[in-house]
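Remarks on the structure that follows.
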Amino acid sequence: MLPRARFDHPAFSPMSVVTRFAPSPTGYLHIGGARTALFNWLYARRMGGKYLLRIEDTDRARSTPEAIDAILDGLNWLDLQHDGEITYQFARAPRHREAAEQMIARGTAFHCYMTAEEQEAVREKSHAEGRALRSPYRDGKAPPSPDASYTVRIRAPDDGDVLNADLIQGDVRIKARDIDDLVLLRADGNPTYMLSVVVDDRDMGVTHVIRGDDHLTNAARQIVIYRALNWTPPLFAHVSLIHGDDGKKLSKRHGAQAVHEWRDMGYLPEAMNSYLMGLGWTSGQENLTKEEAAPLFDLAKVGKAPSRLDFKKLDSVNAHFMALADDQRLAKLTLAHIEQRDGVTLGGAERIALANAIPVLKKRAKTIPDLADQARFVLIKRPLALDEKAQSLMKDEFKQRLQRLHAHLSKETAWDHVSLGSALKAFATEEGVGLGQIGPGLRAALTGGAPAPDLGQALELLGRDEALGRIADQI
RNA sequence: GGGCCCUUCGUCUAUCGGUUAGGACGCCUGGUUUUCAACCAGGAAAGAGGGGUUCGACUCCCCUAGGGCCUGCCA
């Protein structure tokens, strides 16, 4: 096995590392893009370098300002802040054309006058023969007419190999003759992606191109362009793609692909980052924040195989971060969720009740909607509508006991969960029964069947008046 | 058609020739017990298949199968 290149590649001193995330603004920030951005961020942090952002908007027909906003929004939500200014690729088209001219001057690119039909025929022929596309104009054949329109193509080399010593995938060797005479400049004079990336990465000083696996074979094409320009290519690291839970390529039918959908499902950004970095990379520790992971990050340890999305795992990671999250922040998120879900505005008292419940409840919730559900019992109004199971516990005999419990609890002066827990036990002893004869019914009276924490906690969170009132309602 | 990449429990992964193949999530069983959750204890669960190389292979090589990417005047 060939040794895998590492971050301490001799060509780069640690301080000079520059990475970049380069989405094309044709849609939302996808989960795979988010992970790519995260890996770029982590690596730059690890090496004390810079992490840049470039918007690849050279496809004028498909790029939209809304998509740019959505992507920036997503990155912002994940707190993946880039260094420096954002580079907008289309604005640099003149510079890209200049590079193309340079290649023509060097004889590594040429004017190609093939018409659409002609190109179709050439493509079909090369496809049938199993070889790369070669333009008939690569050796300076004269244009069909003086004013014929043309593209600029690279004159792909016919001999030798193109080696990409990929930091993640290992050595990838492709024969130069298997690479097409790629279009560099379109007939309208605008650069193609293949040219733009190369020029921009070079001009931005990018040392490590960390991107999705779907670009693996493009690396070879780009290396050819670097050579045609007599430039040194950066190091490449191709991260495998994320697949759906069925192992198939992620698509609409897998549900949420865009990061804002995860946000709407009630996941926390720090949990998303933690989960995403675990797809393909591990430090041996679970549930790390991106800040904790940065010093440990190592491209050479990133896995080569694609990984699947697992919502159960995400849930548990999210639960971990929910329990650690700031109470006020969770209260705000939960409040917003409830108000949006129910189309209501909660009053002051309800907000306070909700906020008070958060510290206790957050340890039991997987997501924000889950937390909202856990908090439901403090928000519902008297008289409670008991669900079937709760109703069935309200037998006459039990109601009498509930009455005695009401009297017992009314004497409680300290309304905190510890005292209340003891009070319940004392009451059970007094009654000569186990807590099992009291707990379920009391819970039913207190919550109507909604989920709730420990009874002592539930009583405390409800507050003396509300709790006693709910009990009284059932007597 | 051509080129290239990938393949350890259900899932994310550890292992870089010699391990009872480890952990996490999920799952199952038991415990605690006032619902749910949490928590504690235990358990089932993996090297795609076939050839080599080697004293010895999950680790190296080849083939097959299965997944994927590229093959655009998209990115």
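So that the names make sense, note that chain A is the first sequence line, chain B the second, and so on, each numbered from 1. Not measured: the values here are computed from a predicted model.
The residue Asn218(A) sits close to a base: some heavy atom pair falls under 4.0 Å. His238(A) comes within 4.0 angstrom of no nucleic acid atom, judged by non-hydrogen atoms across all strands. Backbone-only contact: Leu216(A) has heavy atoms under 4.0 Å from sugar-phosphate atoms and none from a base. Nucleic acid contact for Ser63(A): none, since no nucleic acid atom lies under 4.0 Å from a heavy atom of the residue. Among the protein residues, Ser316(A) comes within range of the sugar-phosphate backbone only, with heavy atoms under 4.0 Å from sugar or phosphate atoms but none that close to a base. When heavy atoms are screened at a 4.0 angstrom cut-off, Lys363(A) is found touching no nucleic acid atom at all. Among the heavy atoms of the strands lying under 4.0 Å from Thr217(A) is at least one base atom, whether or not backbone atoms are also near. Contact annotation for Arg443(A): base contact, defined as any heavy-atom pair under 4.0 Å involving a base atom. Contact annotation for Gly280(A): backbone-only contact, meaning every heavy-atom pair under 4.0 Å involves sugar-phosphate atoms and none involves a base. Ala187(A) comes within 4.0 angstrom of a base, heavy atoms only. Among the atoms of the strands shown, none is found under 4.0 Å from any heavy atom of Glu129(A).
Residues Arg134(A) and Asp158(A) share a closest heavy-atom pair of NH1-OD1, 2.8 Å. For the residue pair Leu133(A) and Met114(A), the shortest heavy atom distance occurs at CD2-CE, 4.4 Å.
Nucleotides G31(B) and U19(B) have their P atoms positioned 38 Å apart, rounded to a whole Å. With both ends at atom C1', the span from U71(B) to C58(B) equals 34 Å, rounded to whole Å.
The base of A24(B) does not come close enough to the side chain of Asn287(A) for any donor and acceptor atom to sit less than 3.5 Å apart. Taking only distance into account, the side chain of Arg308(A) never meets the base of U11(B) through a donor-acceptor pair shorter than 3.5 Å. Put simply, the side chain of Arg153(A) and the base of C73(B) share no donor and acceptor less than 3.5 Å apart.
Pairing partner, U11(B): A24(B), with both Watson-Crick or wobble hydrogen-bond distances short of 3.5 Å. C69(B) is paired with G3(B) under the criterion used here, namely a Watson-Crick or G-U wobble arrangement in which both key atom distances are under 3.5 Å.
By the neighbour-count criterion of 12 heavy atoms within 6.0 Å, atom CG of Asp188(A) is densely surrounded, having more than that number from other residues, nucleotides or ligands.
Distance, Asn318(A) CG to C25(B) P: 15 Å, rounded to whole Å. Distance, Arg364(A) CZ to A38(B) P: 9 Å, rounded to whole Å.
Taking 4.0 angstrom as the limit, Arg173(A) places none of its side-chain polar atoms (N or O) nearer than this to OP1 or OP2 of C5(B).
Residues from residues 452-459 of chain A with heavy atoms under 4.0 angstrom of RNA chain B, sorted by number: Ala452(A), Pro453(A), Asp454(A), Leu455(A).
Where Arg35(A) and Met114(A) each meet RNA chain B at their nearest nucleotide, the meeting point lying more 5' is that of Arg35(A).
Applying the side-chain hydrogen bond (donor to acceptor under 3.5 Å, both in side chains) rule to pairs touching residues 441-461 of chain A yields His417(A)-Glu460(A), sequence neighbours excluded.
In this pair, Phe236(A) and His238(A) present their aromatic rings parallel. The plane angle is below 30°, not in the 30 to 60° band.
Less than 6.0 angstrom separates the ring centroid of His208(A) from the ring centroid of Tyr43(A).
A cation-pi arrangement is absent between Arg54(A) and Phe21(A), since the terminal nitrogen or guanidinium carbon is not both under 6.0 Å from the aromatic centre and inside a 45° cone about the axis.
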